[in-house]
Number of protein chains: 2
Amino acid sequence: MPATIRDVAAEAGVSVATVSRVASGGDYPIGAETKAKVLAAIERLNYRPNGMAKGLTQRNSRLVGVVAPDMSNPYYPEITRGIEDVATARGYQVLSCSTDRDPGRARSSIDALLAKRVAALAVIGGGDEVVLPDGDLEAYGTEVVMIGRATRRFSTVRVENAEAGQEVGRHLLALGHRSIGFVAGHRGSSASDERLRGLRRALKDAGVEHRSDQVANGDYTEAGGYDATRRLMHASAPPSAIFAASDRMAIGALAALRDMQLRVPDDVALVGFDDIPMAEYLRPALTTVSVSAHRLGTEAMGLLLDGTGRPRRPQHLRVRTRMVIRESCGARRT
Amino acid sequence: MPATIRDVAAEAGVSVATVSRVASGGDYPIGAETKAKVLAAIERLNYRPNGMAKGLTQRNSRLVGVVAPDMSNPYYPEITRGIEDVATARGYQVLSCSTDRDPGRARSSIDALLAKRVAALAVIGGGDEVVLPDGDLEAYGTEVVMIGRATRRFSTVRVENAEAGQEVGRHLLALGHRSIGFVAGHRGSSASDERLRGLRRALKDAGVEHRSDQVANGDYTEAGGYDATRRLMHASAPPSAIFAASDRMAIGALAALRDMQLRVPDDVALVGFDDIPMAEYLRPALTTVSVSAHRLGTEAMGLLLDGTGRPRRPQHLRVRTRMVIRESCGARRT
DNA sequence: CTGAAAGCGCTTACAG
DNA sequence: CTGAAAGCGCTTACAG
């Protein structure tokens, strides 16, 4: 059994109230001598206040919950890392769950998190598998932020996907491309939809139309990107450029094009999305769009744990992207 | 304020003890009618037992802590995902922390985790930045498992790195290579050390010696792999094959070789480690060693949460690897 | 089968 | 500046 506050009180010869006050380290006035005694006792007994008891009395678990589709997809842990960084700086810890895009798993994760009385909850991903029981959230005083998903009910932090898609479109148009294939993420991904919308806006502004057979689903995986690219290239009028909604799919596209004996960027230009670390080390180096996943996390936590403790009205933040031009789009001849 | 057990008791017209018993869902005998009333009240009030209170009385937080160097490196979240899967199946949740290989951060993470009274603790990574206060662990009854790090004090789950390295060595020898460069992970990485040891054993068995200038540090990153490869190739007698201790470094190596106008595998053979999803989609497709990070996590949790609740003596598990032969090693002509 | 009561380890008015 | 006591929301012997 670890030492409790009573043990420390006995050891120091003071009341538990006093121990509590020095252990918590607030600015409650304590006699210098008393404080020293208590500190010594804490040290001697290796006392570490029980977080559950603290949470219970203070009505604050100091826990923030994170729910993401799948923590084994690098994008989510990176956001979570951002969340962790600001959370720990504020004395919170993160409890994370994967839903696998399954509503059932999502529901039980949320339940477990609410049972643990998380002070804040971040829901990552544009899917709709997570449904939040708003009555309970209010009762528990749990602040919520959605990352990458649109809603008015809660605060949101989102990537400027449409703007980025538009920028990619304009870039490719400027390079002379008029037929641009789009490798989409999985069905229902709002991020992918928005990127496509941006691309189409750019094309429309240039008077170029975009057909539905110029879009193929790639499921956000290398394999999906590979297959989608083959489908795109086997159309009656294959595109001269491909925009993949993620770098992982772009890597699949690169393999597919290579296997079809097509050179990138000479025969087909390629642009990805995310700017994962290895994008720079592909050959040709991948032109892509950089988004700071870490930043999404820090911004989100900033919204939740702003220190006031007062629930505010939902806020909506947007995180900028930055296009990184390397070799695969053909803008830079190698 | 969310409904408490008293609210439910009042609503159902029974004692809190009774509510506790039906809410906990054990096999404690309860009258059918009473049970129905309580269940109805729980439903009506949307009662969800407070996890902190439960934890406090039951002396079990139902929390497992995970400490890893950096959750933004995909390898760790994947292990963590394995941990999560078995943890949630057993009614636990995971609290995760990144240390950035900084002893200070590690210390405060461990402290925070112990304060939360985690029932179990998994320490991931071969580094030594994490030091565990054994006295406290015993007092708290916290079970510990180290993933990827050798120790007798706690249970461990480790990858058969040396065996894998040896297998790679033999494979490369069989292909005729006599000079094999090794791209190592960061300094002090036991995984990297073990893989190198295995490689050297294979070489030694074949009567081939391996010099220290045939090893270059690559820090487990693409950039590190790139630079290390250049250094290796600039030696007086450049290797005919390169074994990188991670796929990410292998990708850097691939770029470096390409930039040096060297063809893989014709001029230089290349083997990675990890078998990340995109290894198959590189061109040439990467020959590598597959390790199930997810499995490391499930095995580790299996050791901790075995349901007996009784602390056992440390157990030591080893997880097999599997060499995946693709194009980059030259075994399969493309 | 059901309930009253003590207790888990803290915090925090309240009184002095 | 210090302490006694109530209370946070549960569980669990113990008694009936």
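These numbers come from a predicted model, not from an experiment. Any value given below was found using the heavy atoms of this structure, including those in side chains, with hydrogens, waters and symmetry copies removed. Letters go in sequence order (proteins before strands), and every chain restarts at 1.
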Requested in this report: Report the distance from atom OH of Y140(A) to atom P of dG9(D), rounded to the nearest whole Å.
Outcome: 12 Å
Query raised in the report: Any side-chain donor-acceptor pair under 3.5 Å between S98(B) and R81(A)?
Result: yes
Query - K116(A) to M52(B) - nearest heavy-atom pair and separation - result: O-CG, 4.5 Å
Report summary line: Taken in chain and number order and not counting sequence neighbours, the residues that satisfy side chain to side chain contact (heavy atoms under 4.5 Å, CB included) with D111(B) are R48(A), R107(B)
Query raised in the report: Is any side-chain N or O of R59(A) closer than 4.0 Å to OP1 or OP2 of dG9(D)?
Result: yes
**Report entry** Separation of atom CZ in R62(B) from atom P in dG9(D), rounded to whole Å
**Finding:** 22 Å
Query - pair K54(B)-S24(B): side-chain heavy atoms closer than 4.5 Å - result: yes
Query - Flag if over 12 foreign heavy atoms under 6.0 Å of CZ, R318(B) - result: yes
Report task. Could you check how far NZ of K116(A) sits from P of dG9(D), rounded to whole Å? Result -> 17 Å
Query - Nucleotide dG3(C), atom C1' - distance to CD1 of I30(B) in whole Å - result: 11 Å
**Report entry** Span that lies between the P atom of dA13(C) and that of dG9(C), in whole angstrom
**Finding:** 23 Å
Report summary line: Taken to the nearest whole Å, CE/M52(B) to P/dC8(D) is 13 Å
Under 3.5 Å, which N/O atoms of the protein pair with N/O atoms of nucleotides 11-14 of chain C?
{"from": "dT11(C)", "atom 1": "OP1", "to": "S24(A)", "atom 2": "OG", "distance (Å)": "3.3"}
{"from": "dT11(C)", "atom 1": "OP2", "to": "S20(A)", "atom 2": "OG", "distance (Å)": "2.3"}
{"from": "dT11(C)", "atom 1": "O4'", "to": "T57(A)", "atom 2": "OG1", "distance (Å)": "3.1"}
{"from": "dA13(C)", "atom 1": "N6", "to": "R21(A)", "atom 2": "NH1", "distance (Å)": "3.3"}

Query raised in the report: Are the charged groups of R105(B) and E129(B) less than 4.0 angstrom apart, N to O?
Result: no
Requested in this report: Check the distance between dC1(D)'s P and K35(A)'s NZ and give it to me in whole angstrom.
Outcome: 11 Å
Requested in this report: Just compare dC1(D), dG9(C), dC1(C) and give me whichever is closest to any side-chain atom of P29(A).
Outcome: dC1(D)
Requested in this report: Looking only at non-hydrogen atoms, find the nearest pair between A119(B) and Y92(B) and report the distance.
Outcome: CB-CE2, 3.7 Å
Query - Distance, rounded to the nearest Å, where N50(B) contributes CG and dC8(C) contributes P - result: 18 Å
Report summary line: Per nearest nucleotide of DNA chain D, the residue lying toward the 5' end, A32(A) or R48(B), is A32(A)
Requested in this report: Calculate the interatomic distance between R117(A) atom CZ and dC10(D) atom C1'; express it in whole Å.
Outcome: 11 Å
Report task. Quick one: stems involving DNA chain C, counted as three or more successive Watson-Crick or G-U pairs, both distances short of 3.5 Å. Result -> C:1-3 with D:14-16, C:5-12 with D:5-12, C:14-16 with D:1-3
**Report entry** Distance between P atoms of dC10(D) and dC14(D) (Å, rounded)
**Finding:** 24 Å
Query raised in the report: Are K37(A) and E33(A) close enough for a salt bridge, meaning some N to O gap below 4.0 Å?
Result: no
Requested in this report: Give L56(B) one of three labels, base, sugar-phosphate or nothing, depending on what nucleic acid heavy atoms sit under 4.0 Å from its own.
Outcome: base
Query raised in the report: For the residue pair V8(B) and V38(B), what are the closest heavy atoms and their distance?
Result: CG1-O, 4.4 Å
